[in-house]
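Written out below as structure tokens is the structure these notes cover.
Residue numbering restarts at 1 for every chain, and letters A, B, ... go by the order of the sequence lines. Because only heavy atoms are used, hydrogens play no part in the values below, and waters and symmetry mates are left out as well, while side chains stay in. The model shown is predicted, which means the values in this text are computed figures rather than measured ones.
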Number of protein chains: 2
Amino acid sequence: MSDTVLASAVSFPAPETPSFQPLYQQIKGLLTQRLESGEWRPGEAIPSEQDLAGQFSVSQGTVRKAIDELASENIVVRRQGKGTFVATHTETKSSNFRFLRLRRNDGQYEYPASELLDVKRGRVNADIARSLDIKPGDAILILRRLLRYSGEPTLLDEITLPANLFKGLTKERFDAHVGSMYGFFETEFGVRMLRAEEQVKAVTADPITAEALRVGMGSPLLCVERIAYTYGDKPVEFRRGLCTTRSHHYANTLS
Amino acid sequence: MSDTVLASAVSFPAPETPSFQPLYQQIKGLLTQRLESGEWRPGEAIPSEQDLAGQFSVSQGTVRKAIDELASENIVVRRQGKGTFVATHTETKSSNFRFLRLRRNDGQYEYPASELLDVKRGRVNADIARSLDIKPGDAILILRRLLRYSGEPTLLDEITLPANLFKGLTKERFDAHVGSMYGFFETEFGVRMLRAEEQVKAVTADPITAEALRVGMGSPLLCVERIAYTYGDKPVEFRRGLCTTRSHHYANTLS
DNA sequence: CAGTGGTCTAGACCACATC
DNA sequence: ATGTGGTCTAGACCACTGG
């Protein structure tokens, strides 16, 4: 097969290379660029391994190893016999619990009902600006949202988004969507959440939160702060949630 | 190379196999058995990929894929140019933080000082028996331990162990060891912790805990319950920790 | 049936560690 | 120089999906 334009971007490992980077890592980088550019939309199939091997003028095994890593990072999903697909938050699979660590105390999974309380526009303060890697005073959106499990208000969170990435987000538009919030961000604004860091603390309920969650004032709550990242480890969401552990807990696996 | 006894345990994929299991999975199973049996001790090297390929009469690539999975599960560690080694909790690497999710609020890692308060013998209650998959009333050991960060008492936990796996564990012997607790379990009792599940809740400090952690009575604390597993997903530790989030937090990555 | 990902092989060569 | 894990290739064949 003849060389393609894209193949020229690949350099074979040269001994004189100061810091060696394997071919499959370079392929992975090129694929990531094309994914990020939106060349293939979430849910769509990317070209077959054979096809990509031809495009990049490498063997199938090398493309395979590149895709393996993308799959292990949940950026892409492999389906035997069908193809490799751009991962999406829209699938109503249990994989939705990847970003929702709340479980019932009996260990069962349970879908909460989500109620968006309000959407406000504002300017970001210094702390959150640092978390989002933007300038203090930049325009932001603040969503407040309540999660109920079996009708019981359980989690109250405040979600801060950089306004420039979510132009046109309104309460009406949010309420019109179905499925997860990250699915909404993905299909409506092209922002894909790939990874997040959370910090969990114990706090006491302030009066307003106590009322919203129907707990006594001063009750202990989990305070979960999250920074979510998209391609290139760019932070695009800051979130602070306050959560009763009356009948649920924060679950985590150490491995 | 001639066939070995072990090679006979490997069956090539047969079409009539009801549920297909790839060769490398079978190899992985055999390696896991040999690891579990103690054929190679923690920290030791296992045979080279070429060697194992010969033993099992398969190609190096197939052994490689088996070892890849063991490495991704932290059961084994690869070191280019040196070999593949049985993973250990004894290494004073930062990888010790794999099972310790407490971070300073500024994000920095910090080694706490650990003080074992006491070791008691007792009988297990129904709840913890279920967690440890043993019978209620079975003999157990209970360790109580305090972690201090920069001198500040921060985490108080109570660790329940099945007595039959930790024969001869005493406070004196524990105090004599250096390094992490899981390293101690591994080298002294041959119990390797491979994986753990944690449940985090918010609670209020009882009087005794409040005094130990130097917080006001009724202060909010994190309650972290852990079940740790060894080979074959066998639970071998139950732990309940109470933790101030005065200057630290529970850190987690969602990916 | 054809097309896709998944497995397996055999062999070459590279990067790294040690002697 | 030797031995280890790491990369890459080319090709064969298997398992799964869908027309």
Side-chain angles (χ1 to χ4, degrees), chain A residues 1 3 7 10-31 40 43-72 74-87, chain B residues 1 3 7 10-31 40 43-72 74-87:
Chain A
M1 175 170 287
D3 288 342
V10 178
S11 69
F12 285 81
E16 66 271 17
T17 307
S19 65
F20 168 72
Q21 193 188 25
L23 237 192
Y24 75 88
Q25 288 285 6
Q26 301 177 43
I27 304 292
K28 183 186 171 191
L30 293 173
L31 288 174
W40 311 296
E44 282 183 12
I46 71 174
S48 74
E49 295 177 354
Q50 284 293 358
D51 187 341
L52 290 168
Q55 289 183 33
F56 295 132
S57 300
V58 300
S59 76
Q60 187 192 351
T62 300
V63 169
R64 188 165 181 74
K65 189 148 185 182
I67 294 180
D68 276 345
E69 293 211 347
L70 294 174
S72 77
N74 297 111
I75 292 175
V76 116
V77 176
R78 322 187 76 132
R79 293 197 198 117
Q80 186 174 162
K82 301 176 74 173
T84 301
F85 300 79
V86 182
Chain B
M1 173 168 291
D3 287 344
V10 177
S11 69
F12 284 81
E16 65 271 19
T17 308
S19 64
F20 168 71
Q21 193 188 27
L23 236 194
Y24 75 87
Q25 287 284 7
Q26 301 177 43
I27 303 291
K28 182 187 171 190
L30 293 173
L31 288 174
W40 311 296
E44 281 182 14
I46 71 174
S48 73
E49 295 177 354
Q50 285 292 358
D51 189 340
L52 291 169
Q55 289 184 33
F56 296 132
S57 301
V58 301
S59 77
Q60 186 193 352
T62 300
V63 169
R64 189 165 181 72
K65 188 148 186 183
I67 294 180
D68 275 345
E69 292 209 349
L70 294 173
S72 78
N74 297 113
I75 291 175
V76 115
V77 176
R78 321 188 77 132
R79 291 197 200 118
Q80 184 172 157
K82 301 176 77 172
T84 301
F85 300 79
V86 183

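Straight-line distance from the CG atom of B:D68 to the C1' atom of C:dG6: 15 Å, rounded to whole Å. Rounding to whole angstrom units, CD of residue B:Q60 and P of C:dA12 are separated by 13 Å. Whole-Å rounding puts the A:Y24 OH to D:dT9 P distance at 13 Å. Nucleotide C:dA2 holds its P atom 20 Å from the CD atom of A:E49, rounded to whole Å. Across the protein-nucleic acid pair, B:E69 atom CD and D:dG5 atom C1' stand 18 Å apart, rounded to whole Å. Rounded to whole Å, atom P of C:dG6 lies 19 Å from atom CD of B:Q26. The distance from atom CZ of B:F85 to atom P of D:dG5 is 8 Å, rounded to the nearest whole Å. Between the CD atom of A:Q50 and the C1' atom of C:dG5 there is a distance of 10 Å, given to the nearest Å.
Considering only side-chain N and O atoms, B:R78 lies under 4.0 angstrom from the phosphate OP1 or OP2 of D:dG6. Phosphate contact (OP1/OP2 of D:dG6, side-chain N/O of B:R64, threshold under 4.0 Å): present. The phosphate of D:dT7 has OP1 or OP2 within less than 4.0 Å of a side-chain N or O from A:K65.
Counting heavy atoms from C-beta on, the side chains of B:T84 and B:W40 never come closer than 4.5 Å. At a threshold of 4.5 Å between non-hydrogen side-chain atoms, the residues B:I46 and B:L52 count as touching.
Among all heavy-atom pairs drawn from A:G43 and A:F85, the shortest one is O-CD2, 3.5 Å. Of all non-hydrogen atoms in B:A87 and B:V77, the two that sit nearest each other are CB-CG2, 3.9 Å. Closest of all the heavy-atom pairs between A:Y24 and A:T62 is CB-O, 3.6 Å. Looking at every heavy atom in both residues, A:Q26 comes nearest to A:Q21 through NE2-O, 3.2 Å.
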Tabulate atom names and distances for all N/O pairs under 3.5 angstrom spanning the protein and nucleotides 16-18 of chain D.
{"unit_1": "D:dC16", "atom_1": "O4'", "unit_2": "A:Q80", "atom_2": "OE1", "d": "3.4"}
{"unit_1": "D:dG18", "atom_1": "OP1", "unit_2": "A:K82", "atom_2": "NZ", "d": "3.3"}

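Ranking D:dT7, C:dG5, C:dC8 by closeness to the A:T84 side chain, first place goes to C:dG5. The side chain of A:T62 has D:dT9 as its nearest neighbour among C:dT9, D:dT7, D:dT9. Listed nucleotides D:dT9, D:dT4, C:dT9 differ in distance to B:S48; the shortest reach to its side chain belongs to D:dT4.
Annotated stems with DNA chain C as a participant read C:1-18 with D:1-18, given as range with range, by first number; only runs of 3 or more Watson-Crick or G-U pairs under 3.5 Å qualify.
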Under 3.5 Å, sequence neighbours excluded: what are the donor-acceptor pairs made by side chains of residues 64-71 of chain B?
{"unit_1": "B:R64", "atom_1": "NH1", "unit_2": "B:E49", "atom_2": "OE1", "d": "3.2"}
{"unit_1": "B:R64", "atom_1": "NH1", "unit_2": "B:E49", "atom_2": "OE2", "d": "2.7"}
{"unit_1": "B:D68", "atom_1": "OD1", "unit_2": "B:R78", "atom_2": "NH1", "d": "2.5"}
{"unit_1": "B:E69", "atom_1": "OE1", "unit_2": "B:K28", "atom_2": "NZ", "d": "3.0"}

